[in-house]
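What follows is one structure encoded as structure tokens, with my remarks underneath.
Below, read A as the first sequence line, B as the second, and so on, with proteins coming before strands; counting in each chain starts at 1. Fair warning: this is a prediction, and the values are worked out from it, not measured in the lab. Heavy atoms only: backbone and side chains are in, while hydrogens, waters and symmetry mates are out.
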There are 2 protein chains.
Amino acid sequence: MVNPHTILKSHKLRITDCRLDIIQEFLDRQVALAHSDLEEKLKSNFDRVTIYRTLNTFLEQDIIHKVLDDSGATKYALCSHEDEHDHDHEHVHFKCEVCGDTSCLEDISLPGVKLPKGYKKREMSLLVTGICPKCS
Amino acid sequence: MVNPHTILKSHKLRITDCRLDIIQEFLDRQVALAHSDLEEKLKSNFDRVTIYRTLNTFLEQDIIHKVLDDSGATKYALCSHEDEHDHDHEHVHFKCEVCGDTSCLEDISLPGVKLPKGYKKREMSLLVTGICPKCS
DNA sequence: GTACGTGCAAACAATTTGCATAGAG
DNA sequence: CTCTATGCAAATTGTTTGCACGTAC
């Protein structure tokens with residue numbers, strides 16, 4: 001069961017309103033969010049700096065991960081919670097050119113990529129841009 | 001033949017020292033460069049703003065492309081020059097966790113990815129992180 | 001000579017840091 | 001009560017814009 005309180009608990013983080021609200025926002029929106037998205041929604045409740053710090057805390061705890069974005073803005077999305085220790089190291093994201101939303105495609109498996117000799121792979125992330133079902 | 005002068009010519013851009021030097025730097029380094037990398041190397045010769053504007057000009061002309069990076073910094077790399085009109089829309093980049101360098105793996109082909117129903121793909125880019133031959 | 005590139009100043013945006021206080025456990 | 005999270009101010013860094021001048025062509 002995924003709820004903000006549980007997530008914080010399982011990572012041994014203190015339960016605070018800001019943290020709960022930010023996780024809730026990720027759960028509600030289901031797309032990658034930038035700091036600015038969160039700020040817009042929560043600025044009346046929390047300081048901009050607190051949001052930055054919360055995001056960094058969540059990053060360290062692998063509660064969220066960075067989502068690559070061609071726009072230069074740093075975006076974040078919740079990590080899939082199933083694999084607690086063995087974080088999933090393959091991210092496939094889709095960014096719609098029309099609505100601008102980026103979402104994780106969890107169920108897509110990344111085909112193996114053969115690297116040139118000498119390269120050691122640790123993590124892969126694929127960003128596909130195009131048009132999402134809602135916008136086509 | 002790839003040289004700075006030729007590249008500018010073929011894109012009908014004016015030949016200026018700043019543009020020549022920046023292209024040369026990309027050719028010399030063979031890794032993705034951020035504005036700060038170029039600034040560090042060229043600040044005695046050119047203004048910070050000029051470097052920003054040159055990078056944007058090159059982007060528009062498809063002389064360089066953005067390289068996705070998990071560090072948040074915007075990095076750029078030369079486009080492969082073979083396909084003039086039909087720009088390559090599949091980028092595979094490798095970022096070494098040790099030296100931090102990101103390079104294009106031109107010869108790797110990106111395996112096809114099957115998207116869920118309704119998604120239309122236009123462009124794909126893959127970032128692999130790990131350890132490069134130099135650092136292992 | 002004309003149009004575009006550059007330098008400089010300044011505005012603007014994104015992110016980080018220091019410190020005092022408030023709040024979680 | 002103790003330790004950490006938050007708010008506020010300010011510093012730092014990344015990026016864009018306006019304008020006057022210089023230069024490629």
Side-chain angles (χ1 to χ4, degrees), chain A residues 3-26 32-61 63-76 100 102, chain B residues 3-25 32-61 63-77 100 102:
Chain A
N3 78 64
H5 198 282
T6 313
I7 293 175
L8 291 179
K9 272 287 186 198
S10 72
H11 287 270
K12 305 198 196 328
L13 290 177
R14 293 194 173 176
I15 316 295
T16 70
D17 290 347
C18 183
R19 289 172 177 174
L20 290 171
D21 285 10
I22 288 181
I23 295 178
Q24 190 61 56
E25 188 64 11
F26 276 112
L33 301 175
H35 175 274
S36 57
D37 298 319
L38 294 165
E39 187 187 344
E40 200 175 319
K41 189 74 183 287
L42 304 172
K43 77 174 136 216
S44 46
N45 305 317
F46 309 104
D47 194 84
R48 195 151 78 270
V49 175
T50 303
I51 299 176
Y52 274 114
R53 284 195 270 228
T54 303
L55 288 172
N56 285 330
T57 303
F58 286 178
L59 265 188
E60 286 165 18
Q61 296 286 330
I63 293 175
I64 59 178
H65 59 273
K66 283 197 185 185
V67 173
L68 298 180
D69 190 287
D70 50 358
S71 77
T74 310
K75 294 186 175 185
Y76 307 88
T102 303
Chain B
N3 78 65
H5 199 281
T6 313
I7 292 175
L8 291 178
K9 273 285 186 198
S10 71
H11 287 270
K12 306 198 195 328
L13 290 176
R14 293 195 175 176
I15 316 295
T16 69
D17 289 348
C18 182
R19 289 173 177 173
L20 291 171
D21 285 10
I22 288 181
I23 295 179
Q24 190 60 56
E25 188 64 12
L33 300 176
H35 175 273
S36 56
D37 298 319
L38 293 165
E39 188 187 343
E40 199 175 320
K41 190 74 182 288
L42 303 172
K43 77 175 138 217
S44 46
N45 305 318
F46 309 105
D47 194 85
R48 193 151 83 272
V49 175
T50 302
I51 300 176
Y52 274 114
R53 285 196 270 228
T54 303
L55 288 172
N56 286 330
T57 302
F58 287 178
L59 264 189
E60 286 166 18
Q61 297 286 330
I63 294 175
I64 59 177
H65 60 271
K66 283 197 184 184
V67 174
L68 298 180
D69 190 287
D70 50 359
S71 77
T74 311
K75 293 186 174 183
Y76 307 88
T102 304

[X] [atom1] to [N] [atom2], straight-line distance once rounded to whole Å:
X	N	atom1	atom2	result
A:Glu39	D:dG7	CD	P	12 Å
B:Leu55	C:dT6	CG	P	11 Å
A:Arg48	C:dA14	CZ	P	9 Å
B:Leu20	D:dT23	CG	P	16 Å
B:Asn45	D:dG22	CG	P	19 Å
A:Arg19	C:dA22	CZ	C1'	14 Å
A:Ile23	D:dA5	CD1	C1'	14 Å
B:Asp47	D:dG14	CG	P	15 Å

Taking only N and O in the side chain of [X], is any of them less than 4.0 Å away from OP1 or OP2 of [N]?
X	N	answer
A:Asn56	C:dT16	yes
B:Thr16	C:dT6	yes
B:Thr54	C:dT6	yes
B:Tyr52	D:dT16	no
B:Thr74	D:dT15	yes

**Message:** Checking contacts here: which listed nucleotide (C:dG5, C:dC8, D:dA5) is nearest the side-chain heavy atoms of A:Arg14?
**Reply:** D:dA5
Under a 4.5 Å cut-off applied to non-hydrogen side-chain atoms, are [X] and [Y] in contact?
X	Y	answer
A:Ile22	A:Phe46	no
A:His35	A:Ile51	yes
B:Tyr76	B:His65	no

**Request:** Confirm from the modelled atom types if B:Arg53 and C:dG7 form a donor-acceptor pair under 3.5 Å, side chain to base only.
**Result:** yes
**Asked** Should the heavy atoms of other residues, nucleotides or ligands under 6.0 Å from NZ of A:Lys66 be counted, would the total exceed 12?
**Response** yes
**Message:** Is it the case that over 12 heavy atoms from other parts of the model lie below 6.0 angstrom from the CD atom of B:Glu40?
**Reply:** no
**Request:** Find which nucleotide of DNA chain D each of B:Ala73 and A:Thr57 is nearest to by heavy atoms, and output the residue with the more 5' nucleotide.
**Result:** A:Thr57
